[in-house]
Undergrad: 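There's a structure below that I have some questions on.
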Protein chains: 2
Amino acid sequence: MRRASHEAKELHGANVDCKNCSMFALCLPVGVGDADLDLLERIIKRRKLIRRGEDLFRRGDRFHAVYAVKSGSIKTFTPADRKTVQVTGFHLPGELLGLDAVGAGVYQYSARALETASLCEVPFDKLEGLGAIVHGVQRQMLRIMSAQIRHDLAMHALHCKSGAEGRLAAFLVNLSARLGERGFSRAEFRLSMSRADIGNYLGLAKETVSRLFTQFQERQLISVKRKSLRVHDLYRLEALAGLHLAGA
Amino acid sequence: MRRASHEAKELHGANVDCKNCSMFALCLPVGVGDADLDLLERIIKRRKLIRRGEDLFRRGDRFHAVYAVKSGSIKTFTPADRKTVQVTGFHLPGELLGLDAVGAGVYQYSARALETASLCEVPFDKLEGLGAIVHGVQRQMLRIMSAQIRHDLAMHALHCKSGAEGRLAAFLVNLSARLGERGFSRAEFRLSMSRADIGNYLGLAKETVSRLFTQFQERQLISVKRKSLRVHDLYRLEALAGLHLAGA
DNA sequence: CGATGAGTTGAAACGTCTCAATCTACGTGG
DNA sequence: CCACGTAGATTGAGACGTTTCAACTCATCG
């Protein structure tokens, strides 16, 4: 059970509260109002602003920091064919980027802003150093990594749905849920990525995505107008996505 | 560049050396021959043996331990439809299971032996406790988690290849590489999972998998006889899988 | 040695992709 | 401020690949 009782924010423009940020868990163990918190603040709060189409980092860049999205959204991608890319994920406000690079030393994919985005940069060596000192930070770092693995698993499951319909439905349900978790509206939001990006991500042709959107609309599941989307019947959408398994 | 110069072991029956185990990294930071190592040993070395078809744990079970596969292989799966399952992964000797459950408290999927398998059980609370005390263990735990995230990313990429041919090729290349990393033969190994499992995992019908195997065989890429597989032309297989991108 | 489950193969049905034309929104420069 | 150019989105029709259904073979095991 998750709460989403706040007045839902607009994705575009609004920042996530630190409370809703994936990184916030790191703040909890340190005594609030303590010198420790100040220490953490000094490490984390470097802000970065990038505009639509600009890259945050590129595949192969030396790893030095994890990023938390404060506002806007980011897509990550990696070369596929000699002249195409594979979109590997979309990152929404409150979510993290770059954890996969921790042990590798270099980023595994490129990250590009889908719209103007602000981010918190967290230099990892400093954070790791803090973890060695402050009790509980280490524990939270593991929790965060584990959550990332679960997230990736869920994305994986999303891709496995056979049939374009189920995949797109799962994608929308997933987007809706992730936005809802951070206090945005679950029912109405902006698709910051193009149809082509969605298609690429899901392994579908952009035309198929487009057709499916209009089909979902005819079935009263959603309404889409350009980039704005409204979910009318989340339950049936989830059913299409293959959720609603056992009674659980 | 990875080395595989050892005499290649048989997958079936042979154990991975601790040296080749994902968990081994945890042993490095503690001074070898020290009292610490003994401590680690006491935590890790609970062995578990399960037979083909038996479950190591089930989705929803309370999380208490991470497992390392010593021999044999494990498949993980989760319910999909009301009466089908989705295979989420295969775990080979030296690989880990259950890291995703660290922050969740319960396992996210069920794990079943594809053949008789022996495992090391690592109670996580104890390990975490040790991490708080022994310098370096914490660091290695993060490295391991990060590696898991990268692994999941790679699996994700594998699924994204459009076209059954590319997906199956990528799957075989991936299997070959993972076995090679642990000192097994990259060219000749046993497919411990059924065609149906492979198909389910890749989002293909089992018949398609079967047809592709014979087709790959006709093209001299591999030879398959029942469960034993030999890779004849890894390079062309990688090409099919969509690797060989830029010159890098 | 028959039973059983896994694997293979064929033919038809279906779904998704590709190609191509059209349409829409948006940003740019006149 | 309007007009145009462009990139993204939509829609249609045919080609292609994968799934499904079904028959059959082959190994394994009681």
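Chain naming here is simple, since letters A, B, ... match the order of the sequence lines and numbering starts at 1 in each. All values below were derived from every heavy atom in this structure, side-chain atoms included, with hydrogens, water molecules and symmetry-related copies excluded.
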Undergrad: Is any side-chain heavy atom of Leu119(B) less than 4.5 Å from a side-chain heavy atom of Lys70(B)?
TA: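 Counting from C-beta outward, Leu119(B) and Lys70(B) never come under 4.5 Å.
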Undergrad: Residues of residues 225-233 of chain B with any non-hydrogen atom less than 4.0 angstrom from an atom of DNA chain D: list those, numerically ordered, please.
TA: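 Close to the strand, none.
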Undergrad: State which residues pass salt bridge (charged side-chain N to carboxylate O under 4.0 Å, His left out) with Arg150(A); sequence neighbours excluded, sorted by chain then number.
TA: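 Scan of Arg150(A) (salt bridge (charged side-chain N to carboxylate O under 4.0 Å, His left out), adjacent residues dropped) gives none.
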Undergrad: Under 4.0 Å from any atom of DNA chain C, heavy atoms only: list the residues of residues 207-221 of chain B that qualify, in numerical order.
TA: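 Contacts with DNA chain C under 4.0 Å: Glu207(B), Ser210(B), Arg211(B), Thr214(B).
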Undergrad: Partners of His151(B) by ring-ring contact (aromatic ring centres under 6.0 Å, His included), sequence neighbours excluded?
TA: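 With neighbours one apart ignored, the set is empty.
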Undergrad: List for me each residue that meets side chain to side chain contact (heavy atoms under 4.5 Å, CB included) alongside Thr78(B), sequence neighbours excluded, and say none if there are none.
TA: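 Thr78(B) satisfies side chain to side chain contact (heavy atoms under 4.5 Å, CB included) with Arg59(B), Gln86(B), Thr88(B), Tyr109(B) only.
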Undergrad: Output the rounded distance in Å from CG (Leu202(B)) to P (dT19(D)).
TA: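 Rounded to the whole Å, the gap is 10 Å.
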Undergrad: My understanding is that only residues two or more places apart in sequence, or in another chain, count here; which of them pass salt bridge (charged side-chain N to carboxylate O under 4.0 Å, His left out) with Arg52(B)?
TA: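 Applying salt bridge (charged side-chain N to carboxylate O under 4.0 Å, His left out) to Arg52(B) gives none.
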Undergrad: Checking His64(A) now: which residues fulfil side chain to side chain contact (heavy atoms under 4.5 Å, CB included) with it, not counting sequence neighbours?
TA: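 Testing His64(A) for side chain to side chain contact (heavy atoms under 4.5 Å, CB included), a comparison that skips the adjacent residues, returns Arg62(A), Tyr67(A), Tyr107(A), Glu121(A).
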Undergrad: So if I take residues 155-175 of chain A and measure heavy-atom distances to DNA chain C, which residues fall below 4.0 Å?
TA: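 Residues of residues 155-175 of chain A that come under 4.0 Å of DNA chain C are, in numerical order, Gly163(A), Ala164(A).
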Undergrad: When rounded to the nearest 0.5 angstrom, what distance separates CE in Met193(B) from CG in Asn200(B)?
TA: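 That separation rounds to 12.0 Å.
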Undergrad: What residue pairs, at least two apart or across chains, pass ring-ring contact (aromatic ring centres under 6.0 Å, His included) with a residue in residues 208-243 of chain B?
TA: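 Every pair satisfying ring-ring contact (aromatic ring centres under 6.0 Å, His included) with a residue in residues 208-243 of chain B: Tyr235(B)-His244(B).
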Undergrad: Residues two or more places apart in sequence or in another chain: which of them pass side chain to side chain contact (heavy atoms under 4.5 Å, CB included) with Ala157(A)?
TA: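 Partners of Ala157(A) under the side chain to side chain contact (heavy atoms under 4.5 Å, CB included) test: none.
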Undergrad: Could you give the CZ-to-C1' distance, from Arg195(A) to dT11(D), as a whole number of Å?
TA: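 Between C1' of dT11(D) and CZ of Arg195(A): 14 Å.
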Undergrad: Rounded to whole Å, please give me the gap between CZ in Arg52(B) and P in dG5(C).
TA: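 Those two atoms, CZ and P, are 12 Å apart.
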Undergrad: For a quick check of understanding: with a heavy-atom distance under 4.0 Å over all strands, which category does Gly203(A) fall into, base, sugar-phosphate or nothing?
TA: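 Counting heavy atoms under 4.0 Å across all strands, the contact made by Gly203(A) is with sugar-phosphate only.
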Undergrad: Just the rounded figure in Å: distance from C1' of dT20(D) to NZ of Lys206(B).
TA: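 Nearest whole value for this atom pair: 9 Å.
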Undergrad: Report all side-chain donor-acceptor pairs from residues 163-171 of chain B shorter than 3.5 Å, counting only partners two or more places apart or in another chain.
TA:
unit_1    : atom_1 : unit_2    : atom_2 : d
Glu165(B) : OE1    : Arg219(B) : NH2    : 2.7
Arg167(B) : NE     : Leu202(B) : O      : 2.8
Arg167(B) : NH1    : Lys161(B) : O      : 2.9
Arg167(B) : NH2    : Leu202(B) : O      : 3.4

Undergrad: Going by side chain to side chain contact (heavy atoms under 4.5 Å, CB included), name the residues that satisfy it together with Ala196(B), two or more places apart in sequence or in a different chain.
TA: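 Ala196(B): side chain to side chain contact (heavy atoms under 4.5 Å, CB included) contacts with Ser194(B), Lys206(B).
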Undergrad: Could you give the CG-to-C1' distance, from Asn200(B) to dT18(D), as a whole number of Å?
TA: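 For the pair Asn200(B) CG and dT18(D) C1', the rounded distance is 16 Å.
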Undergrad: Between atom CZ in Arg190(A) and atom P in dG8(D), what is the gap in whole Å?
TA: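 Value for this atom pair: 14 Å.
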